[in-house]
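Residue numbering restarts at 1 for every chain, and letters A, B, ... go by the order of the sequence lines.
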Amino acid sequence: MPADKSEQVQQNPEQMKQTWPDPLQIQLSGSGGQGLILAGIILADAALSEGYNAIQTQAYGPEARGGASRAEVILSSDLIDYPHVQRPDILLALTQEACDKYLPSVSKEALVIVDSLLVERVPETQANVLQLPIIQTAKQDLGKEMVANIVALGALNRAAALVSPEALEKAVLKRVPKAYADLNKKALEAGEKLVRL
Amino acid sequence: MPADKSEQVQQNPEQMKQTWPDPLQIQLSGSGGQGLILAGIILADAALSEGYNAIQTQAYGPEARGGASRAEVILSSDLIDYPHVQRPDILLALTQEACDKYLPSVSKEALVIVDSLLVERVPETQANVLQLPIIQTAKQDLGKEMVANIVALGALNRAAALVSPEALEKAVLKRVPKAYADLNKKALEAGEKLVRL
Amino acid sequence: MRELAEVRLMQGNEACVQAALDAGVRFFGGYPITPSTEIAEGMAEKLPALGGKFIQMEDEIASIASIIGASLAGVKSMTATSGPGFSLMQENLGYACMTEVPCVIVNVQRGGPSTGRPTAPAQGDVMQARWGTHGDHPAIVLSPWSAQETYTLTVKAVNLSERFRTPVILLMDEVVAHLREGVRMPDPRQLKLIERPRPQGGRENYRPFGGALDEVPAVADFGMGYRCNVTGLVHDDVGHPSGSPQVTNDLIRRLSGKVEAHRDEIIDYELTQTGDADMVIFAYGSTARTSLRALKLARAQGLKVGMIRPTTLWPFPEKAIEEVAERGIPILVPEMNLGQLVLEVERIAKGRSLVQPLSRVDGELFNPDEILEAVKELKPVKSRKSSKKEGI
Amino acid sequence: MRELAEVRLMQGNEACVQAALDAGVRFFGGYPITPSTEIAEGMAEKLPALGGKFIQMEDEIASIASIIGASLAGVKSMTATSGPGFSLMQENLGYACMTEVPCVIVNVQRGGPSTGRPTAPAQGDVMQARWGTHGDHPAIVLSPWSAQETYTLTVKAVNLSERFRTPVILLMDEVVAHLREGVRMPDPRQLKLIERPRPQGGRENYRPFGGALDEVPAVADFGMGYRCNVTGLVHDDVGHPSGSPQVTNDLIRRLSGKVEAHRDEIIDYELTQTGDADMVIFAYGSTARTSLRALKLARAQGLKVGMIRPTTLWPFPEKAIEEVAERGIPILVPEMNLGQLVLEVERIAKGRSLVQPLSRVDGELFNPDEILEAVKELKPVKSRKSSKKEGI
Amino acid sequence: MIQIETNKTPKCELEIKKQWCKGCNLCVAACPRSVLALDLLGKIKVVEAEKCIACGLCESTCPDFAIRVIKNA
Amino acid sequence: MIQIETNKTPKCELEIKKQWCKGCNLCVAACPRSVLALDLLGKIKVVEAEKCIACGLCESTCPDFAIRVIKNA
Amino acid sequence: MSFDVMDYFRQETLPHIWCPGCGNGIILRDFAVALERLNYPRDEVVIVSGIGCSSRAAGYLNFDTVHTTHGRALPFATGIKLANPNLKVFVIMGDGDSSAIGGNHLIHAARRNIDLTAIIFNNNIYGMTGGQFSPLTPRDKKATTAPYGMIEQSFDICRLAEGAGATYVGRATTYHNQLLTQLIIDGAQNPGFSLIEAVTHCPTSYGRRNGMASPSDMVRWQKDNAVWIDKVRAGKAEVKDGQFTIGLLHRHEAPEFTQAYMEVIKRARGQE
Amino acid sequence: MSFDVMDYFRQETLPHIWCPGCGNGIILRDFAVALERLNYPRDEVVIVSGIGCSSRAAGYLNFDTVHTTHGRALPFATGIKLANPNLKVFVIMGDGDSSAIGGNHLIHAARRNIDLTAIIFNNNIYGMTGGQFSPLTPRDKKATTAPYGMIEQSFDICRLAEGAGATYVGRATTYHNQLLTQLIIDGAQNPGFSLIEAVTHCPTSYGRRNGMASPSDMVRWQKDNAVWIDKVRAGKAEVKDGQFTIGLLHRHEAPEFTQAYMEVIKRARGQE
Ligand SMILES: Cc1ncc(C[n+]2csc(CCOP(=O)(O)OP(=O)(O)O)c2C)c(N)n1
Ligand SMILES: Cc1ncc(C[n+]2csc(CCOP(=O)(O)OP(=O)(O)O)c2C)c(N)n1
Ligand code: SF4
Ligand code: SF4
Ligand code: SF4
Ligand code: SF4
Ligand code: SF4
Ligand code: SF4
Ligand SMILES: [Mg+2]
Ligand SMILES: [Mg+2]
């Protein structure tokens with residue numbers, strides 16, 4: 001019985017954005033409880049729905065319990081072999097600790113988004129850094145710090161032009177409780193608005 | 001740390017009786033409860049004390065629980081390699097079943113001792129068969145069927161001239177409860193007397 | 001009803017659950033352990049709606065016992081665990097081999113030995129999966145490299161267990177278990193599913209443990225009226241305990257023989273650019289993903305590197321090695337262990353080609369560069385002959 | 001006080017008991033199982049008079065746990081079991097490897113898999129003894145062929161476990177365990193006994209899990225005041241759990257490294273007439289007894305047969321094979337299993353000489369004639385070179 | 001084939017399978033009327049059939065299914 | 001090194017190890033006098049030291065050993 | 001004509017492997033009588049056993065039978081019963097099997113109150129392996145692994161099962177075999193976990209070493225030391241040191257596990 | 001100045017790995033306080049644990065400590081204690097650790113009445129693996145492996161231990177921590193097997209899923225549902241559905257195992 005060799009999904013291999021390397025390496029970092037894993041899953045899901053291959057990984061175990069949290073997403077128009085991010089092309093950092101830890105490893109042309117409240121000092125870098133009031137927007141404009149992850153996603157997707165806003169919204173709604181659908185839609189929009197291209 | 005290679009004991013390798021093949025294969029057979037394993041152990045022990053190498057084996061397990069019982073003893077002046085009896089040079093059979101089962105496999109010049117009460121028919125054989133009233137002696141002369149094994153040992157040792165009567169007696173006394181020492185001594189003697197050479 | 005050929009973002013563990021359900025598994029008995037727990041959790045959630053049964057047992061010994069029991073009652077059954085639990089299952093795993101009870105055991109490997117590093121990837125249980133229980137026994141062990149393949153191989157594991165009436169081990173690693181990626185879900189109605197051979201005739205001729213040395217005898221479910229005896233003791237063709245040397249010999253040889261005789265049905269591996277290769281990487285599980293990257297990097301540098309990626313670890317894919325060894329091509333065997341399957345590669349290569357182990361035991365994935373470096377250092381043993389067969 | 005160099009008629013199991021006591025074992029935790037039970041029974045009878053402790057635990061898992069605990073308290077400890085129990089012990093066996101706790105596990109093999117044939121001889125647990133627990137781990141496995149050697153190797157097992165701070169497995173077979181033969185008992189005062197390395201300095205510099213990759217660090221007994229932490233998780237040199245890749249790598253490599261680096265201290269084998277041999281039998285345990293008979297028969301017929309008899313099965317005595325394989329001499333490997341250690345012989349022979357397995361799995365000993373026949377059918381692979389070294 | 005020996009008593013038939021009897025003596029001890037005894041080879045035999053009251057104790061106490069008490073209709 | 005912050009109250013010193021505080025709020029809920037509160041980053045802080053009665057509940061309820069109540073001699 | 005117990009056996013497997021005078025055969029017969037009276041469709045009866053002399057009982061019975069691993073009969077039985085709740089599942093275990101290596105499975109099966117009927121052949125010893133003590137060997141008795149006498153407390157397995165949640169618990173002996181038959185019948189009919197302790201005698205590995213030379217001595221000991229629980233409850237008898245009670249010891253009602261699982265299925269299907 | 005609990009910890013291992021608000025830290029402190037009051041020579045104290053969040057406690061304590069395998073802490077401890085009866089051996093286990101995979105060892109340690117002091121951190125859930133139900137999860141509660149609610153009966157681990165032979169059994173909570181400290185002290189001084197159940201709270205894997213949003217909610221639940229056994233016995237309180245008793249629940253005298261073994265040694269040496 002030969003195993004089915006059809007590997008990862010390649011629905012639309014031409015669609016990869018020309019501006020980004022392929023595979024595209026994305027790292028979402030911050031602290032536990034900020035919902036970064038979920039953000040990673042949503043992003044991967046949205047990309048999948050647009051015909052990319054996508055892979056999402058994260059740290060597990062006691063290490064994952066303490067302060068730091070990290071989700072990785074890789075997008076590609078081709079089969080994704082090595083599953084880890086080696087050199088992020090896009091980095092989201094929602095805490096100072098995360099920023100300090102991961103910024104040094106980003107690629108030269110990387111897009112880096114940091115929270116303007118929690119990341120007070122951005123280390124010297126050649127990358128393209130956006131400082132956005134993500135937490136504040138979540139807390140003050142939306143009244144729930146909980147949705148900072150979705151705000152961040154909205155901003156990130158707008159800035160990096162990864163997937164269509166519709167696909168992202170669909171992916172968000174698939175993964176959040178129905179009762180919070182509206183809140184999350186708003187969070188996504190608020191995030192998009194933070195980025196003025 | 002090299003393992004100690006000194007293998008089985010070879011205290012007196014010249015002493016093997018000339019009349020018997022070396023290694024000498026002995027099979028004690030009958031039914032469970034007749035104490036044949038103990039007889040085998042005693043014989044091996046006695047031989048050991050006289051400088052032979054000796055090995056005793058038996059059947060284990062559920063098979064060993066039912067009717068049949070079998071003990072094997074091999075004596076040699078040399079190292080005993082293969083531990084099982086292939087072709088008995090000496091066979092003791094205390095039941096008809098045992099006699100039927102094992103007689104066909106004895107060597108041509110074998111000495112075969114059967115109980116004259118329980119073994120009614122001795123199959124055709126080239127071997128040298130002694131029919132002795134072992135059970136009867138134990139029961140009637142000694143009052144304990146239990147000591148039939150020791151009676152048999154006495155007879156067998158006398159007939160085959162394996163070890164000195166003293167060595168055998170010492171070995172018997174080492175393995176039977178003190179309270180029965182006298183009874184067993186008598187049994188040994190009674191067994192010896194059964195054999196008129 | 002799910003859409004045909006739907007694509008879902010899934011963890012390897014989730015893919016395993018869905019595949020098991022699609023393959024007809026309707027009983028899961030398990031005990032939580034990282035990094036396999038999501039499989040139990042998925043089963044607890046999804047089985048009941050299908051009329052299936054989930055039970056969390058008091059430990060792993062009871063878990064495997066429960067699935068063997070359920071399988072005796074005719075239900076396709078599975079458990080999932082990781083190293084410590086897999087070690088505990090060894091006695092009853094041997095029982096399932098001996099009594100020819102189909103079932104699937106998933107072992108999501110983590111860093112060992114002992115409690116080790118519960119959330120770190122490793123491939124340290126490969127030899128245990130072959131030899132962990134006492135006595136001679138058959139072993140079928142499959143190992144996926146992606147979520148998609150976890151789906152495929154889970155279905156295959158269920159099928160092979162039914163086909164050969166023997167436990168099948170799905171040996172995953174933590175990376176494959178936990179990453180999320182797109183899985184194309186086949187239409188379950190089009191999946192080729194296998195059912196264990198069941199008896200046709202009457203009770204009189206029923207020989208649930210009989211047959212030639214390569215045969216898989218038919219077996220009745222408990223309750224079907226065949227009144228079968230099942231025992232882990234050596235038993236004759238109807239299942240009664242036996243101390244006969246002949247019966248013993250025939251049984252022990254048939255248990256392994258029924259699998260060995262059908263190696264070709266079981267063994268599968270993928271060849272990548274081995275046709276023109278000067279050196280070959282032999283890798284499985286998530287290590288093969290890194291190796292594929294290394295292969296691409298090497299090819300980009302003009303190095304003719306190929307890859308053999310077995311999805312069946314046991315029975316060992318000897319032919320795949322034979323072909324390469326015959327050509328004298330050096331083989332790099334990267335493993336997240338101190339060198340386990342490489343021993344078998346060496347055995348088959350018989351000195352005809354260099355076999356180079358590469359070990360990583362620090363709880364991290366290999367990275368592509370270190371495999372690339374290792375490939376570059378390979379030296380062929382003899383002059384190579386060119387291949388007749390062509391890889392991908 | 002017993003007589004010097006006294007000779008006693010003893011079962012292998014009895015010799016094991018006496019040797020363990022002579023080697024300083026003062027704790028035995030066990031659970032009865034055929035054909036090892038006499039060891040537990042002997043210990044129950046004899047330990048108390050020596051101030052030692054015997055405990056019958058609720059199962060084999062608890063048995064091995066109890067001896068690891070006792071060893072942590074500084075007492076030389078042992079358990080004994082057979083296949084089913086040995087399978088159950090696998091998890092905690094790995095724990096003892098990981099935590100570097102000296103202890104001896106006796107496995108008297110019986111017919112497997114599963115309950116199998118409890119009183120039939122077999123050699124089916126040889127690979128399990130190497131690979132039975134999950135994750136990479138060291139293994140020292142000794143296998144005697146006689147009651148006398150059971151004595152010697154039991155002492156050696158206790159010594160090696162102390163020397164290397166690792167569990168040592170004494171792998172017996174039912175024949176050796178149950179036969180009775182003469183055992184020459186050495187003067188216990190003249191036995192060379194080894195004690196585990198214990199720390200000399202103060203608590204500050206105490207590194208019970210530290211050292212170079214080939215090093216056996218010193219360990220304090222519980223109660224000595226060193227306040228040690230012991231864990232089956234990956235841990236740093238003082239015993240604290242660690243998720244560091246470096247710490248992980250160093251620990252896992254050192255656990256195996258400390259044994260591998262001292263192979264020569266551990267490995268032992270006996271050569272019989274290999275010097276002029278045209279063919280060689282590689283055999284261990286009671287199979288080697290039959291093989292020796294076959295060798296004698298062959299020599300009597302003018303056939304130049306030699307024998308390699310390893311008493312250390314793991315680490316595998318590679319050199320013994322190397323030497324023969326180099327000369328292209330065919331090797332017959334009779335085993336009471338479907339062919340286990342022969343795989344390792346094949347691996348080392350690297351195709352330089354024919355390696356011929358011979359299996360017996362019917363619960364009976366080989367008989368000398370069948371080995372003789374098999375020897376006669378061996379065909380050398382290449383022209384042989386003559387040997388420089390001389391066997392017995 | 002297993003041989004069955006039938007012993008008529010006033011109230012029943014005692015069916016005995018000697019081959020299965022292991023001579024444990026339990027039935028002998030259990031029988032309230034001393035109907036049973038062991039023979040020289042240690043197998044069960046009926047010695048005083050006429051005393052039997054068909055109480056069935058021998059049957060229910062025999063661990064080897066060697067006795068069956070079939071009461072007269 | 002772990003930093004210890006000492007807060008004097010009328011009846012005791014409250015020693016606080018902010019680095020160990022995980023912001024669980026248990027001490028805040030346990031304190032009968034509302035002496036304690038969480039700061040913006042979710043770490044414990046002393047807000048009304050003068051109210052403290054040195055009952056020790058905060059110390060014994062803190063799962064992270066982040067508070068120690070040293071009563072005045 | 002009395003019914004023939006042979007109907008229930010696989011006659012080709014007889015005579016059984018047990019020693020002369022071993023009580024296991026008596027329990028086996030009583031069990032067969034209970035099955036006759038229960039009158040279940042024969043193809044719906046499954047008998048599961050562990051490992052030990054007692055556990056060989058399963059193989060002699062002409063039903064779907066499974067002789068599992070030492071101590072593990074209950075989890076196997078749990079899988080069978082949960083997979084197909086129609087089956088009537090009986091579990092045969094020895095005292096060592098059920099209370100030493102299998103103790104955990106016993107308390108968990110009792111806790112789940114799964115509808116299994118467990119029959120413990122309690123001969124106070126490990127028979128199969130030749131006479132080592134079990135957790136049910138009384139204090140001070142001799143065993144091959146207790147040559148100086150048993151120093152551990154022993155379990156009262158009935159009380160243990162009750163404490164763990166079993167809904168039907170009874171005890172009888174090979175002497176009181178009508179009671180035994182009745183308890184098996186009632187236990188089988190209890191919808192939940194039932195445990196019946198059958199006190200039996202092992203002349204080979206226990207009796208001889210503990211002053212009871214013959215099987216009849218051992219049966220007499222049972223007769224003399226078993227005290228009917230009804231009498232104790234009525235204040236008409238007391239349990240002296242070394243004695244034990246027989247009869248229906250405990251019964252209560254509680255949700256049965258496989259039935260409770262049916263509720264889970266309904267909930268999962270949104271039918272509740 | 002109050003004594004510094006830090007004296008008892010390996011400070012280099014802190015902060016511990018437990019989640020914010022996890023009750024384990026509270027028990028750990030109470031245990032340290034008990035040790036301070038017991039005032040044993042520190043080098044004679046050994047702490048043994050199994051596997052789980054709770055079992056990580058051993059590693060933080062500055063004694064000879066051993067973090068064993070899941071469920072097996074008691075047999076390891078048994079070996080340590082029997083090998084060297086001078087040592088004071090404490091055993092830390094989770095509810096799953098001690099009652100699921102380790103249930104057998106628990107009842108056997110209790111049966112032997114070996115002088116160990118077991119402290120069960122009962123958070124009613126498998127914390128370490130993320131919230132699967134344990135045998136101590138109450139009926140109808142939610143867990144990741146009981147998404148439709150727990151359908152099995154749960155153990156009362158104190159009653160189980162008592163039934164198996166434990167000579168000292170008590171229960172307290174992380175709210176009632178002075179009681180907890182006292183029970184540990186008394187349990188340690190009991191010459192035999194002592195079990196102390198410490199009811200604790202796991203906000204991460206249990207509370208959130210079962211309607212208790214914060215650690216303080218959980219502590220409040222303990223306060224509201226723990227009923228002092230003394231009051232119950234005095235008829236001054238009753239235990240409502242879902243409530244549980246705290247205090248010293250059971251105590252009796254019986255021979256201790258390692259002491260009994262000393263008698264075996266004497267007998268073997270012919271000194272008796
Ligand atoms: C895992 C395992 N351990 C040990 C054994 C050996 N063994 C077989 S039966 C038995 C004990 C039997 O005692 P019990 O359960 O009381 O049954 P009995 O023979 O007395 O009826 C043991 C220890 C085994 N088969 N498997
Ligand atoms: C043999 C084995 N099975 C399973 C596991 C996984 N495991 C680790 S901790 C744990 C349960 C922990 O629950 P509990 O004992 O209640 O402790 P808690 O974490 O709640 O304190 C499990 C199942 C393991 N480590 N080993
Ligand atoms: S039926 Fe009763 S009286 Fe008749 S033989 Fe049997 S026991 Fe004796
Ligand atoms: S009870 Fe049965 S086996 Fe025993 S003596 Fe009577 S007939 Fe024979
Ligand atoms: S000691 Fe008491 S009053 Fe003071 S802060 Fe702590 S809890 Fe509040
Ligand atoms: S109880 Fe401790 S950890 Fe929790 S908030 Fe207060 S100080 Fe911080
Ligand atoms: S050993 Fe005991 S229990 Fe086993 S068959 Fe013999 S008498 Fe019966
Ligand atoms: S999971 Fe629960 S028990 Fe474990 S540390 Fe977190 S709160 Fe505590
Ligand atoms: Mg028993
Ligand atoms: Mg818990």
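With a 4.5 Å cut-off on side-chain heavy atoms, B/H84 and D/E364 do not count as touching. Side-chain contact between B/Q86 and D/P368: present, with at least one pair of heavy atoms (C-beta onward) separated by less than 4.5 Å. The shortest side-chain heavy-atom distance between D/R180 and B/P83 does not fall under the 4.5 Å cut-off.
Interatomic distance, CG of D/L179 versus OG1 of B/T57, reported as 7.5 Å (0.5 Å rounding). To the nearest 0.5 angstrom, D/S146 atom OG is 8.0 Å from B/L79 atom CG. Separating the NZ atom in D/K296 from the CG atom in B/D78 is a distance of 5.5 Å, to the nearest 0.5 Å.
B/N157 pairs by the side-chain contact (heavy atoms from CB on, under 4.5 Å) definition with B/L162, B/V163, B/L168, not counting sequence neighbours. For D/Y284, there are no ring pair (Phe, Tyr, Trp, His ring centres under 6.0 Å) partners, not counting sequence neighbours.
Of the residues considered (D/L9, D/L142, D/T312), D/L9 shows the highest number of contacts with chain B, using heavy-atom pairs under 4.5 Å.
Against chain D, the residues from residues 175-187 of chain B that qualify, each with a non-hydrogen atom under 4.5 angstrom away, are B/R175 in number order.
Contact annotation for B/Q58: only side-chain heavy atoms (C-beta onward) come within less than 4.5 Å of a heavy atom of chain D. Using a 4.5 Å cut-off between heavy atoms, D/T290 contacts chain B through both its backbone and its side chain. Looking at B/I41, the atoms closer than 4.5 Å to chain D (heavy atoms on both sides) sit in the backbone and in the side chain alike.
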Return a table of donor-acceptor pairs under 3.5 angstrom between the side chains of residues 103-126 of chain B and protein atoms on other chains or two or more places apart.
| from | atom 1 | to | atom 2 | distance (Å) |
| --- | --- | --- | --- | --- |
| B/S105 | OG | B/Y102 | O | 2.9 |
| B/S107 | OG | B/P88 | O | 3.4 |
| B/S107 | OG | B/D89 | OD1 | 3.4 |
| B/D115 | OD1 | B/I134 | N | 2.9 |
| B/D115 | OD1 | B/I135 | N | 2.7 |
| B/D115 | OD2 | B/L117 | N | 3.0 |
| B/D115 | OD2 | B/L118 | N | 2.8 |
| B/S116 | OG | B/L132 | O | 3.2 |
| B/T125 | OG1 | B/A127 | N | 3.0 |

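With hydrogens and angles ignored, the 3.5 Å screen pairs a side-chain donor or acceptor of D/R289 with a backbone N or O of B/D81.
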**Report entry** Trace of the side chain to side chain contact (heavy atoms under 4.5 Å, CB included) decision for B/L48 with D/V7
**Finding:** CA-CA 8 Å; B/L48 206 63; D/V7 174; 3.8 Å; yes

task: Run the numbers on D/N367 and B/Y82 for side chain to side chain contact (heavy atoms under 4.5 Å, CB included), then give the verdict.
output: CA-CA 8 Å; D/N367 66 54; B/Y82 184 65; 3.9 Å; yes

